[in-house]
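As the structure is a prediction and not an experimental result, all values here were calculated from the model.
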Amino acid sequence: MLIFEKGKEGRGLSLFPECDVEVVMPEEKDRRERTLHLPELSENEISRHYTELAKKCHGVNDGFYPLGSCTMKYNPKINEEMAALPGFTEIHPLQPAHTVQGCMEVMKTLEEYLCEITGMKNMTLQPAAGAHGEFTGLLLIKAYHESRGDKKRTKIIVPDSAHGTNPASAVMAGFSVVSIPSGPDGCVDLEKLREAAGDDVAGLMLTNPNTVGLFDKNILEITKIIHECGGQCYYDGANLNAVMGTVRPGDMGFDVIHLNLHKTFSTPHGGGGPGSGPVGCKEHLAQFLPSVLVEGTEELKFRKPEHSIGEMKEFYGNFLVAVRALTYVMTLGREGIPEASQNAVLNANYMMQKLKDLYTMAYDEVCMHEFVMSLSDLKKKTGVSAMDIAKGLLDNGIHPPTMYFPLIVDEALMVEPTETESKETMDKAIQVFRDLYEMAEQDAEKLHNAPVKTPVTRLDEVGAARHPVLKYEFSK
């Protein structure tokens, strides 16, 4: 039941003090034609309503959340405490720089640490999310080519295993997209890449480890091919959680990178936010970065690069996400950052090895932070799909893995346990996966009807997609 359907007329509570200034109403022409629909409830009714909703949600605080590619790991509470400090929350973006030196130091220090981790020269914290960072990075590449008078470079090469936002961002930046296939090993097909690389190529967008959880063994050759044709190499940092502190994208030959602070560097992001997508680049692209950059030693100041592409977001980005990220990096330190990524890889390989005798692995080799299973064989044998297994996991208190992605794997389930899960938690999850496989062979109908223990059982997803209810209709 929606909160608009609860309450009684005249019921209310006192949340705000009495207004102590003159009340000024808008002119008649600017007023609503009918009274605003607001629910009238007491404080305890409101509290119970939202507590009830919270109980119906599943997050990393509730149980195992192996959502592949999304890196839904547990975030230490100290990061939240730092982001809640009054010195960070009670500032205004229009304050003079000399009054927010501490906040500017947070930004400058985080930029320096992220540059060290990624092998980049400069970093901007302005982009608000991953796709926003992609768009920013592509605009840097575009500005670079245009500054050299090389306007014939209109194409961006994107592998078929890429995140869906990659080609969308390229098109938004004014490029056309050239898709290249993956080889049988799940990595970039080098011959197809060479065929696509020409003097009209502006750059390549690549995720490494890629979307099937593999580190491309030809990564140095890939970036070499693009550079030899005059293009730039863009690194999608969505999967940096697998390699941070171990290898650096800059050392692989990438010229520009975006990071997902909300995935890799500790901000709870389920349910739509908050996010942050900083963009780093090599020195030859730094003059095009969006403003503002922090510089100085004794007194920090804001600087706008000489040939800046302009503002990507108002002010300085999602600042409190940066505070969380800096706390996370400083807490883990030089030893802890690579340990986190190596544990993520260890956990993923542990789960994969414990399941590969039953489930078909899309690529049966050492993975990085995630692995992809194909349930195509199981579906042919029993009629149970990847969707059915995912729904069965819900009945066991486990959030499903990513389903039907990447698109190059039929009936795909992509599992990412992250570094913050214990062996005991993974063992329980492994047993659930095995039990569901056995159920598929013995009583497939049970899985076709799953979930049955959740607040909402299986939905008519086709009906919801074709006939969505997009607004609430009030009865009066």
Practice task
If a pair satisfies ring pair (Phe, Tyr, Trp, His ring centres under 6.0 Å) and one of its residues is in residues 105-141, list it, with sequence neighbours excluded.
Solution key: none

Problem - Ring center gap for Y363 and F371 short of 6.0 angstrom - result: no

Practice task
Decide yes or no for L204 and I156: does some side-chain heavy atom of the first lie under 4.5 Å from some side-chain heavy atom of the second?
Solution key: no

Practice task
Taking the side chain as every heavy atom from C-beta outward, state whether M104 and E295 have any atom pair closer than 4.5 Å.
Solution key: no

Completion exercise
Residue pairs passing the ring pair (Phe, Tyr, Trp, His ring centres under 6.0 Å) test with at least one member in residues 401-425, sequence neighbours excluded, are none

Exercise for the section: Verify the distance criterion only: is there a donor paired with an acceptor across the side chains of S42 and E45 at less than 3.5 Å? Expected result: yes

Handout entry: Residues which pass side-chain contact (heavy atoms from CB on, under 4.5 Å) with K428, listed by chain and number, not counting sequence neighbours
Key = none

Exercise for the section: Evaluate the side-chain proximity of P290 to E311: yes if any heavy-atom separation is below 4.5 Å, no if none is. Expected result: no

Exercise for the section: Evaluate the side-chain contact (heavy atoms from CB on, under 4.5 Å) criterion for residues E416 and L67: first the C-alpha distance (whole Å), next the side-chain angles of each, then the deciding distance (0.1 Å), finally the verdict. Expected result: CA-CA 6 Å; E416 181 180 0; L67 194 62; over 6 Å; no

Problem - No-hydrogen, no-angle side-chain donor-acceptor test under 3.5 Å, T99 and Q95 - result: yes

Exercise for the section: Write out all pairs satisfying side-chain hydrogen bond (donor to acceptor under 3.5 Å, both in side chains) with one or both partners inside residues 233-243, taking only residues at least two apart or from two chains. Expected result: K73-N241, H163-D236, N166-D236, Y234-H258, N239-H369, N241-E419

Practice task
Report the residues that fulfil side-chain hydrogen bond (donor to acceptor under 3.5 Å, both in side chains) with T457, sequence neighbours left out, ordered by chain and then residue number.
Solution key: none

Problem - Electrostatic pair E473:K471 at N-O distance under 4.0 angstrom - result: yes

Handout entry: Student check: side-chain heavy atoms of P305 and F288 closer than 4.5 Å
Key = no

Exercise for the section: Applying salt bridge (charged side-chain N to carboxylate O under 4.0 Å, His left out), name anything that partners E81, two or more places apart in sequence or on another chain. Expected result: none

Handout entry: Backbone of K304 reached by a side-chain donor or acceptor of S308 within 3.5 Å
Key = no

Practice task
Mind checking side-chain hydrogen bond (donor to acceptor under 3.5 Å, both in side chains) for K379 and listing every partner two or more places apart, or none if nothing turns up?
Solution key: E411

Exercise for the section: Using a 4.5 Å cut-off on heavy atoms from C-beta on, say whether the side chain of P159 contacts that of V188. Expected result: yes

Exercise for the section: Could you tell me whether the side chain of D160 and the main chain of S182 form a donor-acceptor pair under 3.5 Å? Expected result: yes

Exercise for the section: Could you tell me whether D427 and K354 make a salt bridge, using a distance below 4.0 angstrom between a side-chain N and a carboxylate O? Expected result: no

Problem - Beyond-backbone contact of T136 with I309, side-chain heavy atoms, under 4.5 angstrom - result: yes

Handout entry: Under 3.5 Å side-chain donor-acceptor pair for T418 and T420
Key = yes

Practice task
Quick one: do K121 and D255 satisfy salt bridge (Lys or Arg N to Asp or Glu O under 4.0 Å)? Show the steps, please.
Solution key: CA-CA 10 Å; K121 177 66 175 178; D255 304 289; over 6 Å; no

Handout entry: Side-chain donor or acceptor of N349 paired with backbone N/O of V345 under 3.5 Å
Key = yes

Exercise for the section: Using a strict cut-off of less than 4.0 Å between a Lys/Arg side-chain nitrogen and an Asp/Glu carboxylate oxygen, indicate whether K391 and D395 qualify as a salt bridge. Expected result: no

Practice task
State which residues pass side-chain hydrogen bond (donor to acceptor under 3.5 Å, both in side chains) with H284; sequence neighbours excluded, sorted by chain then number.
Solution key: Q232

With a cut-off of 3.5 Å and sequence neighbours excluded, list every side-chain donor-acceptor pair involving residues 261-268.
unit_1, atom_1, unit_2, atom_2, d
H262, ND1, S276, N, 3.1
H262, ND1, S276, O, 3.3
K263, NZ, S69, O, 2.3
K263, NZ, A238, O, 3.2
S266, OG, N75, OD1, 3.3
S266, OG, N79, ND2, 2.6

Exercise for the section: Answer yes or no: is there a donor N or O on one side and an acceptor on the other, between the side chain of Q101 and the main chain of L300, under 3.5 Å? Expected result: yes

Practice task
Could you list the residues that satisfy side-chain hydrogen bond (donor to acceptor under 3.5 Å, both in side chains) with S161, not counting sequence neighbours?
Solution key: none

Problem - Validation row: L85, F88 side chains within 4.5 angstrom (heavy atoms) - result: yes

Fill in the blank from the handout: Sequence neighbours excluded, the answer for side-chain contact (heavy atoms from CB on, under 4.5 Å) partners of D251 is R248

Problem - Main-chain N/O of G463 paired to D460 side chain as donor or acceptor, under 3.5 Å - result: yes

Exercise for the section: Can you establish whether the number of heavy atoms outside R48 located under 6.0 Å from its atom CZ is more than 12? Expected result: no

Show me the donor-acceptor pairs within less than 3.5 Å that the side chains of residues 49-60 make with the rest of the protein, sequence neighbours left out.
unit_1, atom_1, unit_2, atom_2, d
H49, ND1, K6, NZ, 2.9
T51, OG1, S47, O, 2.8
H58, NE2, F64, O, 3.4

Practice task
Step through the shown structure and confirm whether more than 12 heavy atoms of other residues, nucleotides or ligands are within 6.0 Å of CD on Q431.
Solution key: yes

Practice task
Kindly say whether I222 contributes a backbone atom to a donor-acceptor pair with the side chain of N218 at under 3.5 angstrom?
Solution key: no

Practice task
Would you check if N347 and M426 make a side-chain contact, meaning some heavy-atom pair closer than 4.5 Å?
Solution key: yes

